[in-house]
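Have a look at the structure below, then the notes.
Just so you know, these numbers use all the heavy atoms, side chains as well, and skip hydrogens, waters and symmetry mates. Here is how names work: the chains are called A, B, and so on, in the same order as the sequence lines, proteins then strands, and each is numbered from 1.
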Number of protein chains: 2
Amino acid sequence: MATGRTHRPATRSRGIPEATVARLPLYLRALTALSERSVPTVSSEELAAAAGVNSAKLRKDFSYLGSYGTRGVGYDVEYLVYQISRELGLTQDWPVVIVGIGNLGAALANYGGFASRGFRVAALIDADPAMAGKPVAGMPVQHTDDLEKIITDNGVSIGVIATPAGAAQQVCDRLVAAGVTSILNFAPTVLSVPDGVDVRKVDLSIELQILAFHEQRKAGEEGSGDGTAAPAAAQEHRKGPDGDVPAVMPA
Amino acid sequence: MATGRTHRPATRSRGIPEATVARLPLYLRALTALSERSVPTVSSEELAAAAGVNSAKLRKDFSYLGSYGTRGVGYDVEYLVYQISRELGLTQDWPVVIVGIGNLGAALANYGGFASRGFRVAALIDADPAMAGKPVAGMPVQHTDDLEKIITDNGVSIGVIATPAGAAQQVCDRLVAAGVTSILNFAPTVLSVPDGVDVRKVDLSIELQILAFHEQRKAGEEGSGDGTAAPAAAQEHRKGPDGDVPAVMPA
DNA sequence: CCATCTTTGTGCACGCGTTCACAAAGACAT
DNA sequence: ATGTCTTTGTGAACGCGTGCACAAAGATGG
Ligand SMILES: NC(=O)c1ccc[n+]([C@@H]2O[C@H](COP(=O)([O-])OP(=O)(O)OC[C@H]3O[C@@H](n4cnc5c(N)ncnc54)[C@H](O)[C@@H]3O)[C@@H](O)[C@H]2O)c1
Ligand SMILES: NC(=O)c1ccc[n+]([C@@H]2O[C@H](COP(=O)([O-])OP(=O)(O)OC[C@H]3O[C@@H](n4cnc5c(N)ncnc54)[C@H](O)[C@@H]3O)[C@@H](O)[C@H]2O)c1
C-alpha cells in the first residue's frame, strides 16, 4: 500500500486502475443481459466472451473489487451486478443537464438509455431564446440565463455539452463555476478545466479518422506483400516545396 | 527493427503506434485552426498546448511520420496539415453509410462535421418501411433490402450503425458481407466481426458511468482523509446471502 | 564566417496494462 | 471423509506508452 499521495490525483483511484473502471460498465451490461435471462451463475470464461475481453483480464479486474466468485463454479450474476453497480456509483441518482439542444442534444434528450442506469435528465438548456419553453422529450427547454440556478437547485454534478465548438469552453466554465465536476463533451474542442473536474469527450470525427487510417492501410497493403506502399517507391518524404505537395505548400 | 511479424495483425500499423494514430486527428484539428488564422509556423510547445498534450509526446508522434519541422523554428502549419491528412487517408474520399435513421442516426445525418474531412454520407438506410423515401438531411432514406446493392454501387467501406442494440449484430453481418471493412458502432453491444474488419464504438452510457465512478469517489473522499468509505466499516465483503445485498440477491 | 540561441528529434527509464500459467480453493461425487 | 475436477485469484514477465532531459541541427545576428 501507500503507493498514493505522490501528487497523482486522478490516475489510480482507490486502487482500481482506470482501464479496469472503463471496462466495468461493459461487464455490467453483459451481466444485466444474463440476469434478464435468469442465469444464476457465470464463469469468467463465458462472461469474458460476452464482454469481448480476455478472461484473465476480467478475473484480474474483478479481483480489484474483492473476492467475489466461487472457485469451481463462477460468479453469482445478481450479486456481481450489485457489486459493480455500487462500485460505479449507479446505486445512487445522478441528475444530469444537457446544454445545447440542437440535433445532437435533442437526440440525447430523447434517448432512453440514460434513465436505465441511474442517470436522470434534470434539465435541458439552450441559448436560443426561441427554444425556451419548447418541449423536447417531454421536458421544457430552459434558457442559459438560468444555468447556474438550475445546477444549484437540482444538485447537478454531471453536465453534457452539445453546443457548437465555439461555445463549449464558455459553457464549460459556467458549468464548473456553478458546481459541476464532471463533463461529457460532444463538441470538437479541447476543454480546459481546473483540477478536480473530470472531462470525457466523445468525438465522432476522430473515430472516423482513425477508421480511415486503418482503411487506407488495408487498401495499400492489398497488392504488395510487404505493405510499404503501392505507388512510386523510395519517395520516403522530402522537405522540398515542389513535386510532393499538391499546391498546398505555403512558400 | 524486425520486432514485427509475430502474429500481430492489427496492433502496430506500419510503425505508427495506435496511440499516436488516435492523436493525429487532434493535432490536425489544432493545425487547421491555426491555418485558418494564417499562422505560418508553430512550435511543438504551442501546438501541444492547443491540442492538450505533452510537447515531447507530440514531437515523438510526429517523428513517426518523418522529420518534418525545422529546429529553431518549429513546424510549417500548412505542410503538416497536408502530411497528417495524407497519413490519415483524408486526402481521398470516403463514402459512408448510416444504418438506423432514428433519433441519433438523423442527428448524425444532419451533422455537418462529416463532409469537412473527406467523409461523405453516401446513403441513409433504415428497416422501417414508413421511412423509405422520406428525406432526412436532404437525402431520401433507403430501405434495408437494398443495403447490399447500396454498399457495392457506392464502393462504401465505412459503415455507421445507429440501430437498436438488438439489430446491430445482424446489420453488422450484412455490412461486412457486402464489403464494409470499418464500422463505427453506436449501439450498446459488442459486435463480433471477422479478422480484417475494424470496429470502433461510441458508447454514451459507458462514458457516463465512468464519470459517475469518479464523481462518487470525489464525494466520498470529501469528508474522510483516507477515503475508504464513510458508512459501516469492516464490512469488507461477504458471500453470505443476507444483510449486504438489498433484496436483489437471487437465492 | 563564426557565435549564439532556439527548438527539434530521440535515447532512456519508468510505470501501467495485458497475458500467461499455475497453485490454491472449493464444489461435487463416491 | 476423501479424491477428483473445475475455476478462481494472482505472481511474474513482457510490451506499450509516457515524459524527462539533452545533444544535434539549423536559423539568425554580428
Ligand atoms: N450532430 C451530430 O451528430 C454531432 C456529431 C458529433 C459531434 N457533434 C457536435 O455536437 C455539437 C452539437 O451538434 P449539433 O448538430 O446538435 O448542432 P446544432 O447547431 O444543431 O445545435 C447546437 C445547439 O446549441 C445551442 N447553443 C449555441 N450556443 C450555446 C450556448 N452558448 N449555450 C447553450 N446553448 C447554445 C444552439 O442554440 C443549438 O440549439 C457540435 O459541437 C457538433 O460539432 C454533433
Ligand atoms: N439517441 C441517443 O442519444 C443515443 C445515445 C447513445 C446510444 N444510442 C444508441 O444508438 C442506437 C439508436 O438510438 P436512437 O435513439 O436513434 O434509436 P431510435 O429507435 O430512435 O432509432 C433506431 C432506428 O433504427 C431503425 N432500425 C431498427 N432495426 C433496424 C434494422 N435491422 N436495420 C436498419 N434499421 C433498423 C429503426 O427503424 C429506427 O429508425 C441505439 O442502439 C441506442 O442505444 C443512442
Protein-nucleotides 4-7 of chain C N/O pairs closer than 3.5 Å?
from  : atom 1 : to    : atom 2 : distance (Å)
C/dT7 : O4'    : B/G72 : N      : 2.9

What integer distance in Å separates A/D76:CG from C/dG26:C1'?
16 Å
How long is the line joining CG of B/L65 and C1' of C/dG9, in whole Å?
13 Å
For A/T32, enumerate each residue passing the side chain to side chain contact (heavy atoms under 4.5 Å, CB included) test, keeping only those at least two apart in sequence or located in another chain.
A/L28, A/E36, A/R117
Take the protein atom OH of A/Y68 and the nucleotide atom C1' of C/dA25, then report the distance between them rounded to whole Å.
18 Å
Listed once per pair and sorted, the ring pair (Phe, Tyr, Trp, His ring centres under 6.0 Å) pairs that draw on residues 31-62 of chain B, sequence neighbours left out
B/Y27-B/F62, B/F62-B/Y75
Counting N and O atoms only, with roles assigned by atom type, does the side chain of B/W94 sit under 3.5 Å from a partner on the main chain of A/Q209, one being a donor and the other an acceptor?
no
When the distance from CD of A/E46 to C1' of D/dT8 is rounded to whole Å, what number comes out?
14 Å
Taking only heavy atoms on the protein side, list every residue of residues 54-62 of chain B lying under 4.0 Å from any atom of DNA chain C, sorted numerically.
B/R59, B/K60
Side chain to side chain contact (heavy atoms under 4.5 Å, CB included) partners for A/A165, two or more places apart:
A/P188, A/T189
By side chain to side chain contact (heavy atoms under 4.5 Å, CB included), which residues pair with A/V180, not counting sequence neighbours?
A/I151, A/V156, A/L175, A/I183
Set of residues satisfying salt bridge (Lys or Arg N to Asp or Glu O under 4.0 Å) with respect to A/R200, sequence neighbours excluded
B/E207
Which residues pass the side-chain hydrogen bond (donor to acceptor under 3.5 Å, both in side chains) test with B/S44, not counting sequence neighbours?
B/R59
For A/N54, check side chain to side chain contact (heavy atoms under 4.5 Å, CB included) against everything at least two apart and list the hits.
A/A56, A/K57
